[in-house]
Asker: 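Got a structure here, written out as structure tokens. Questions coming.
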Amino acid sequence: MTSDKELWTAVDHYVTDLIVRPDPALNAALEDSNAAGLPSINVSPAQGKLLHLIARMISAQNILEVGTLGGYSAIWMARALPSNGKLITLEINPKHAETASKNLGRAGVAGLVEIRIGRGLDTMEQLAKENRPPFDLTFIDADKPSNADYFAWALKFSRKGSVIIVDNVIRNGAVIDSNSLDASVQGVRRFNEMLAAEKRVNATEIQTVGIKGYDGLALAVVL
Ligand code: SAH
Ligand code: DHB
Ligand code: MG
């Protein structure tokens, strides 16, 4: 018998092969990330393309990412940027950042991307002092207990119309368990409550299934 997870995976492969069609640099980024021992927790190809399409739909010129890993999602988003665009991606682990740097270089987008190594919250505090243009798109995908704090910074870095996307907000459905002992689940719940109460955004959450199992994305537009 085919399990739900097997079916979601088979359909994700079908959609990816037919519609997403990831290219050699993206595949190589995953291969080298694996070889370097990075965890396989990057967005799926279909999700990476969703990030790419959203960036294009809003003509994003300045993008912020929290959680670089091997640069897989960063490559997808950087490829949506115009030649004068910029993606700043934040990563705490120097080994991840080094792998990402190589992967971004091979993908031909190194000139559009700046990787900043450090705790995301510290780097965001630093970014706030730099008098930068607002970020048109922020993708939050790092340690889940900090989600609410990352979101608060993302709001500060936004303008009217900016889009904020947060990964992993469903956690195999565990998000509805208010008694969960999982710090990531509690972090997501705290973020969700903040999102619900935040009058400066209009938001939804979409459950997703596929090669990464059952999870979801939060999408918000800044009013
Ligand atoms: N966005 C990536 C996946 C990110 S995985 C992709 O889809 O390709 C989460 C990453 O966040 C990991 O590389 C981890 O090292 C990093 N991370 C964890 N805690 C962090 C923190 N406090 N600050 C910055 N990065 C952090
Ligand atoms: C994990 C983190 C992620 O960002 C993700 O997309 C999937 C899993 C994790 O830490 O387990
Ligand atoms: Mg994620």
Side-chain angles (χ1 to χ4, degrees), residues 5-6 8-17 19-55 60 63-81 85-121 123 137-147 150 165-172 184 187-188 208-217:
K5 174 82 197 283
E6 281 165 354
W8 304 337
T9 301
V11 174
D12 213 353
H13 283 303
Y14 166 80
V15 170
T16 299
D17 292 347
I19 311 286
V20 179
R21 309 217 290 162
D23 70 15
L26 283 161
N27 290 333
L30 293 183
E31 278 163 27
D32 282 15
S33 296
N34 267 329
L38 274 55
S40 302
I41 55 173
N42 49 273
V43 295
S44 70
Q47 291 168 342
K49 192 158 186 187
L50 177 67
L51 295 171
H52 173 91
L53 291 174
I54 290 170
I63 303 177
L64 175 65
E65 175 177 68
V66 192
T68 314
L69 193 64
Y72 183 77
S73 52
I75 294 171
W76 273 113
M77 292 191 285
R79 286 186 168 173
L81 287 169
K86 181 150 189 135
L87 166 65
I88 298 182
T89 181
L90 316 185
E91 176 54 57
I92 198 170
N93 185 320
K95 188 175 108 178
H96 295 186
E98 193 191 321
T99 304
S101 178
K102 289 181 190 152
N103 287 334
L104 288 156
R106 179 174 35 212
V109 293
L112 297 168
V113 182
E114 188 184 326
I115 306 171
R116 297 241 188 144
I117 300 171
R119 281 180 69 237
L121 292 173
T123 311
L137 172 64
T138 300
F139 178 49
I140 297 172
D141 189 21
D143 54 311
K144 312 312 170 189
S146 302
N147 268 0
Y150 293 140
I165 303 176
V166 183
D167 197 20
N168 311 116
V169 295
I170 302 296
R171 309 298 312 199
N172 205 27
S184 292
V188 168
T208 58
V209 295
I211 60 172
K212 292 189 72 181
Y214 169 32
D215 212 322
L217 293 167

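Throughout, residue positions are numbered sequentially from 1 according to the sequence presented.
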Asker: Can you tell me how far OG1 of Thr138 sits from CG of Leu64, rounded to the nearest 0.5 angstrom?
Answerer: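 Atom-to-atom, Leu64:CG and Thr138:OG1 are 4.5 Å apart.
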Asker: Using every non-hydrogen atom in the two residues, find where Ala74 and Leu104 come nearest and quote the distance to one decimal.
Answerer: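 Closest approach of Ala74 to Leu104, heavy atoms only: CB-CD2, 4.0 Å.
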Asker: Decide whether Asp12 and Thr9 meet the rule of one side-chain donor and one side-chain acceptor closer than 3.5 Å.
Answerer: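 Per modelled atom types, Asp12 and Thr9 side chains form no pair under 3.5 Å.
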Asker: At their closest point, which heavy atom of Ser33 faces which heavy atom of Gly70, and how far apart are they?
Answerer: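 That would be OG-CA, 3.7 Å.
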Asker: Got a donor-acceptor contact below 3.5 angstrom from the Lys49 side chain to the Ile19 backbone?
Answerer: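 Flag set: sc Lys49 to bb Ile19 pair under 3.5 Å.
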Asker: Just wondering, do Ile140 and Ile165 contact through their side chains at under 4.5 Å, heavy atoms?
Answerer: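 Side-chain contact under 4.5 Å: no.
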Asker: State plainly whether the residues Glu91 and Arg116 are in salt-bridge range, i.e. N to O under 4.0 Å.
Answerer: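 A salt bridge is absent here (no side-chain N lies under 4.0 Å from a carboxylate O).
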Asker: Would you please test Trp76 and Val20 for side chain to side chain contact (heavy atoms under 4.5 Å, CB included) and show each step?
Answerer: CA-CA 11 Å; Trp76 273 113; Val20 179; 3.8 Å; yes
Asker: Any chance you could lay out the side chain to side chain contact (heavy atoms under 4.5 Å, CB included) test for Met77 and His52, step after step, and finish with the verdict?
Answerer: CA-CA 5 Å; Met77 292 191 285; His52 173 91; 6.0 Å; no
Asker: Given the rule in the side chain to side chain contact (heavy atoms under 4.5 Å, CB included) test, do Gln47 and Lys212 qualify, once you have shown the distances and angles that lead to the verdict?
Answerer: CA-CA 10 Å; Gln47 291 168 342; Lys212 292 189 72 181; 3.8 Å; yes
Asker: Is Asn147 reaching over with its side chain to a backbone N or O of Val188, donor-acceptor style, under 3.5 angstrom?
Answerer: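 No: the side chain of Asn147 does not pair with the backbone of Val188.
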Asker: For residues Glu31 and Pro24, determine if any side-chain heavy atom of one lies less than 4.5 Å from a side-chain heavy atom of the other.
Answerer: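 No; the side chains remain at least 4.5 Å from each other.
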Asker: Just how far is it from atom CG of Leu69 to atom NE2 of His96, taken to the nearest 0.5 Å?
Answerer: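 So the CG of Leu69 and the NE2 of His96 are separated by 5.5 Å.
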Asker: Rounded to the nearest 0.5 Å, what separates atom OG in Ser40 from atom OH in Tyr72?
Answerer: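 Ser40 atom OG to Tyr72 atom OH measures 11.5 Å (nearest 0.5 Å).
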Asker: What are the two closest non-hydrogen atoms of Gly67 and Thr89, and how far apart are they?
Answerer: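 Smallest interatomic distance, heavy atoms only, reads C-OG1, 4.4 Å.
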Asker: Within this structure, what is the CG-CG distance for the pair Leu137 and Leu51, rounded to the nearest 0.5 Å?
Answerer: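 One gets 7.0 Å once the value is rounded to the nearest 0.5 Å.
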Asker: State, yes or no, whether a side-chain contact exists between Thr208 and Tyr214 at a heavy-atom distance under 4.5 Å.
Answerer: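 A side-chain contact is absent here, since even the closest heavy-atom pair is not under 4.5 Å.
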Asker: Has the side chain of Thr99 got a donor or acceptor atom that lies under 3.5 Å from a matching backbone atom of Lys95?
Answerer: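 Yes; judged by distance alone, with no hydrogens or angles, the pair exists.
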Asker: Would you call Ile63 and Phe139 a side-chain contact if the rule is heavy atoms closer than 4.5 Å?
Answerer: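 Side-chain contact under 4.5 Å: no.
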Asker: Determine the minimum heavy-atom distance between Pro45 and Thr16, stating which atoms define it.
Answerer: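 Result for this residue pair: CB-CG2, 3.6 Å.
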Asker: Taking C-beta and beyond as the side chain, do Glu98 and Ile115 meet within less than 4.5 Å on heavy atoms?
Answerer: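 No. Closest side-chain heavy atoms not under 4.5 Å.
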Asker: Please give me the minimum heavy-atom distance between Leu112 and Gly85, naming the atom from each residue.
Answerer: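 So the two residues come closest at CD2-O, 3.5 Å.
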Asker: Between Leu50 and Leu217, is the side chain to side chain contact (heavy atoms under 4.5 Å, CB included) condition met? List the steps.
Answerer: CA-CA 11 Å; Leu50 177 67; Leu217 293 167; 3.6 Å; yes
Asker: Any side-chain heavy atom of Asp32 within less than 4.5 Å of one from Asn103?
Answerer: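 Side chain of Asp32 against side chain of Asn103, heavy atoms only: contact under 4.5 Å found.
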Asker: Between Ser73 and Asn42, does any side-chain donor sit less than 3.5 Å from a side-chain acceptor?
Answerer: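 Checked: Ser73/Asn42 side chains show no N/O donor-acceptor pair below 3.5 Å.
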Asker: Do the side chain of Asp143 and the main chain of Pro145 share a donor and acceptor less than 3.5 angstrom apart?
Answerer: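 Answer holds: no.
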Asker: Restricting to non-hydrogen atoms, name the atom on Glu65 and the atom on Thr68 that form the minimum distance, rounded to 0.1 Å.
Answerer: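 That would be OE1-CA, 3.7 Å.
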Asker: So, are Asp23 and Arg79 salt-bridged, with charged N and O less than 4.0 Å apart?
Answerer: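 Here Asp23 pairs with Arg79 in a salt bridge, since their nearest N and O are under 4.0 Å apart.
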Asker: Just so I know, are the side chains of Val43 and Asp167 near enough to count as touching, which here means a heavy-atom distance under 4.5 Å?
Answerer: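 The answer is yes; the side chains approach within 4.5 Å.
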Asker: Scan Asp141, Thr123, Leu121, Leu90 and name whichever one has a side-chain contact (heavy atoms from CB on, under 4.5 Å) with Val66.
Answerer: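 Exactly one pass, corresponding to Leu90.
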